[in-house]
Amino acid sequence: RIYTTNYDDLLENIFIKNKKLIDSASIEQDIASYRNKSNLVIHLNGYIKELSQSNIDNFFKLIGRSYLVDTITSSTWYEQLKADINIADVILFIGFSLDGDLDIKRLFFSDAHNIKKTYFVIWDKETDLNIEKLGRYGQVCRAGVELFSIEMSKKRLNMKNLIKMH
């Protein structure tokens, strides 16, 4: 499973472009229909294809006050997210700041085991303040998305070496 805080359909479009099947869900949907899906993107902060007048104010995380509404922990997806985090060998955040997502911060900060297996791939111009902040939740890799993608495509990615390089 891929969890994303983005509400766009970029990931889905990448899969389609590469002729790969992927299903999409948001935490507004019931987990029962998706539990056995092998390729799945879960949109934690809303999904653009589900945007409506009735859910824009309390379901989509668009502005500061919307991050104060507790949507993740009250969702049926919360326990699945926790279980996925616990069984994962590696947790990878790409271009993620942790700025507004309090529920996600709590999940990672509450367990030191998560911090050891969590990596943040950020751009090489990230501020020292943000690097320090992200470092509390995992290891920070300043390689940037482009270099990370190149290394991934070689299928020999070693996060520890990539972190040392940058």
Side-chain angles (χ1 to χ4, degrees), residues 1-63 66-111 113-115 117-123 134 137-138 141 143-157 159 162:
R1 282 182 268 273
I2 299 171
Y3 291 89
T4 181
T5 56
N6 294 345
Y7 42 83
D8 60 36
D9 56 0
L10 177 66
L11 282 169
E12 290 85 349
N13 289 329
I14 290 169
F15 273 77
I16 290 167
K17 182 180 176 185
N18 289 286
K19 297 177 176 43
K20 305 271 186 195
L21 295 175
I22 189 98
D23 289 299
S24 303
S26 71
I27 61 170
E28 192 172 359
Q29 297 172 335
D30 184 23
I31 192 172
S33 333
Y34 297 93
R35 200 176 297 270
N36 296 322
K37 302 280 185 181
S38 57
N39 289 336
L40 180 62
V41 175
I42 301 107
H43 293 267
L44 298 174
N45 290 342
Y47 182 34
I48 194 69
K49 291 190 175 177
E50 296 174 5
L51 179 63
S52 70
Q53 195 75 23
S54 64
N55 68 9
I56 193 166
D57 287 333
N58 59 3
F59 183 66
F60 274 76
K61 306 288 187 188
L62 299 172
I63 57 173
S66 63
Y67 286 95
L68 300 175
V69 177
D70 181 18
T71 52
I72 295 174
T73 55
S74 60
S75 162
T76 57
W77 287 94
Y78 185 66
E79 291 304 317
Q80 184 65 57
L81 174 59
K82 283 186 358 184
D84 286 344
I85 288 169
N86 286 333
I87 65 168
D89 293 326
V90 173
I91 301 163
L92 186 61
F93 288 91
I94 300 174
F96 188 71
S97 68
L98 280 176
D99 281 341
D101 293 288
L102 296 173
D103 294 333
I104 294 171
K105 282 185 196 178
R106 285 185 201 113
L107 270 174
F108 285 88
F109 196 68
S110 65
D111 188 343
H113 179 67
N114 293 339
I115 293 169
K117 62 182 180 179
T118 300
Y119 298 87
F120 295 91
V121 177
I122 58 171
W123 70 320
L134 290 171
Y137 299 92
C141 176
V145 174
E146 188 173 346
L147 179 59
F148 175 77
S149 299
I150 291 167
E151 293 299 314
M152 280 290 288
S153 69
K154 294 177 185 174
K155 298 190 184 220
R156 61 175 180 84
L157 179 67
M159 285 302 295
L162 196 58

Item to complete: Decide side chain to side chain contact (heavy atoms under 4.5 Å, CB included) for Ile42 and Ile2; before the verdict, give the C-alpha distance in whole Å, the side-chain angles of both, and the deciding distance to 0.1 Å.
Response: CA-CA 6 Å; Ile42 301 107; Ile2 299 171; over 6 Å; no

Worksheet item: Any side-chain donor-acceptor pair under 3.5 Å between Tyr3 and Asp84?
Response: yes

Item to complete: Decide side chain to side chain contact (heavy atoms under 4.5 Å, CB included) for Leu11 and Ile22; before the verdict, give the C-alpha distance in whole Å, the side-chain angles of both, and the deciding distance to 0.1 Å.
Response: CA-CA 9 Å; Leu11 282 169; Ile22 189 98; over 6 Å; no

Locate the shortest heavy-atom distance separating [X] from [Y]; write the atom from each residue and the value.
X: Ile14; Y: Asn18; value: O-ND2, 2.8 Å
X: Ser75; Y: Ile27; value: OG-O, 3.2 Å
X: Lys37; Y: Arg1; value: O-NH1, 4.3 Å
X: Leu21; Y: Phe15; value: O-CD2, 4.0 Å
X: Val121; Y: Val145; value: CG1-N, 4.3 Å
X: Asn86; Y: Lys117; value: O-NZ, 3.1 Å

Taking the side chain as every heavy atom from C-beta outward, state whether [X] and [Y] have any pair of such atoms under 4.5 Å apart.
X: Phe93; Y: Ile122; answer: no
X: Phe120; Y: Thr118; answer: yes
X: Thr5; Y: Phe96; answer: yes
X: Ile85; Y: Ile91; answer: yes
X: Val41; Y: Thr4; answer: yes
X: Asn6; Y: Asn45; answer: no
X: Ser24; Y: Tyr47; answer: yes

Practice prompt. Mind checking the CD1-CG spacing from Ile31 to Leu40? Nearest 0.5 Å is all I need.
Written response: 9.0 Å

Worksheet item: About how many Å separate NZ of Lys82 and CG of Asn114, when rounded to the nearest 0.5 Å?
Response: 11.0 Å

Fill in: Derivation and outcome, side chain to side chain contact (heavy atoms under 4.5 Å, CB included), residues Asn39 and Lys20
CA-CA 9 Å; Asn39 289 336; Lys20 305 271 186 195; 5.7 Å; no

Worksheet item: Relative to each other, are the rings of Trp77 and Tyr34 parallel, tilted or perpendicular (30° and 60° limits)?
Response: tilted

Worksheet item: Taking it one step at a time, do Gln29 and His43 satisfy side-chain hydrogen bond (donor to acceptor under 3.5 Å, both in side chains)?
Response: CA-CA 10 Å; Gln29 297 172 335; His43 293 267; over 6 Å; no

